[in-house]
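I have placed the structure first, in the form of structure tokens, so that the comments after it can refer back to it.
Below, each value reflects all heavy atoms present in this structure, side chains not excepted, and no hydrogens, waters or symmetry copies. Not measured: the values here are computed from a predicted model. For reference, positions follow the sequence shown, starting with 1.
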Amino acid sequence: MQILILQGPNINLLGLKSSKTEEHLTLNKLNKEIRLISKNHNVDLKFLQTHKSFQAINFLQRNRNKASGLLFTPSSWARNNYTILETINLINVKTSVLYFADPYSFGTTEEESILKGPDIKSFTGKPISVSLKGMEHLLNQ
């Protein structure tokens, strides 16, 4: 089983958001937690963090035949990137969309998001806990 991890614009700056908390959470720490949950489930993870939507679309299209799930943190793409939504719907992959709650929020909430569909489930919360919920959703297939 392969799960794609797609992290959108500015997610690499998670450490700046968390500097206001006592967690000091970075993208590397978050990805380490995601890797830990996959170890016990015989899951291959493929990560991409990018600011460029064309790279995200290429990543999804190139990996569509191997992927059984997508863990997606869209940040601002959740508000208006219909091309990514169309790609997710076309490749027909079970998707967990993650929205970080304050103080980690990147500005787009689940309620504002266009990322909805039959195979798309949304989760909101703190970065580590919401990522684990999203992964659990994908692993329970």
Assess, by modelled atom type and distance only, whether the side chains of N31 and Q49 contain a donor and an acceptor separated by less than 3.5 Å. no
Closest heavy-atom contact between F123 and S96? CE1-OG, 3.6 Å
Would you name the heavy atoms of L30 and L25 that are closest together and state the gap between them? N-CD1, 4.0 Å
Are F59 and F47 co-members of a hydrophobic cluster defined by side-chain heavy atoms under 4.5 Å apart? no
Do you know the tightest heavy-atom contact between F100 and I11? CE1-CD1, 4.4 Å
If hydrophobic clusters are built from ILVMFWY residues whose side chains come within less than 4.5 Å, do V97 and L132 share one? no
Report, as yes or no, whether the 6.0 Å neighbourhood of atom NZ on K116 holds more than 12 heavy atoms from other residues, nucleotides or ligands. yes
Shortest non-hydrogen contact between A78 and P74, atoms and distance: CB-CG, 3.6 Å
Let me confirm one number: the CG-CD1 distance from L60 to I88, rounded to the nearest 0.5 Å. 6.0 Å
Taking the side chain as C-beta and beyond, is there a heavy-atom pair between F106 and L14 under 4.5 Å? yes
Heavy atoms, side chains only, cut-off 4.5 Å: are N80 and I114 in contact? no
What are the two closest non-hydrogen atoms of S105 and K17, and how far apart are they? O-NZ, 2.7 Å
Can you find a pair of side-chain heavy atoms, one from T124 and one from T109, that are under 4.5 Å apart? no
Check: R79 main-chain N/O paired with S113 side-chain donor or acceptor under 3.5 Å: no
Please tell me whether V130 and I5 are part of a single hydrophobic cluster in this structure, the criterion being side-chain heavy atoms less than 4.5 Å apart. yes
Is a donor on one side and an acceptor on the other found under 3.5 Å between the side chain of R64 and the backbone of Q61? yes
Do L115 and Y99 touch side chain to side chain, with heavy atoms closer than 4.5 Å? yes
Does K94 use its side chain to pair, donor to acceptor, with the backbone of H137 at less than 3.5 Å? yes
Taking I37 as the starting point, is it possible to reach L27 by hopping between hydrophobic residues whose side chains are less than 4.5 Å apart? yes
Tell me if a side-chain donor or acceptor on T95 pairs with a main-chain N or O of V93 at a distance below 3.5 Å. yes
Examine distances only and state if a side-chain atom of K29 and a backbone atom of H24 form a donor-acceptor pair shorter than 3.5 Å. yes
Between L138 and M1, the two heavy atoms sitting closest are O-CE, 4.3 Å
Mind checking whether H41 and I3 have side chains closer than 4.5 Å, heavy atoms only? no
S75 (side chain) donor-acceptor with P9 (main chain) under 3.5 angstrom: yes
So I120 and L85, do their side chains get closer than 4.5 Å, heavy atoms only? yes
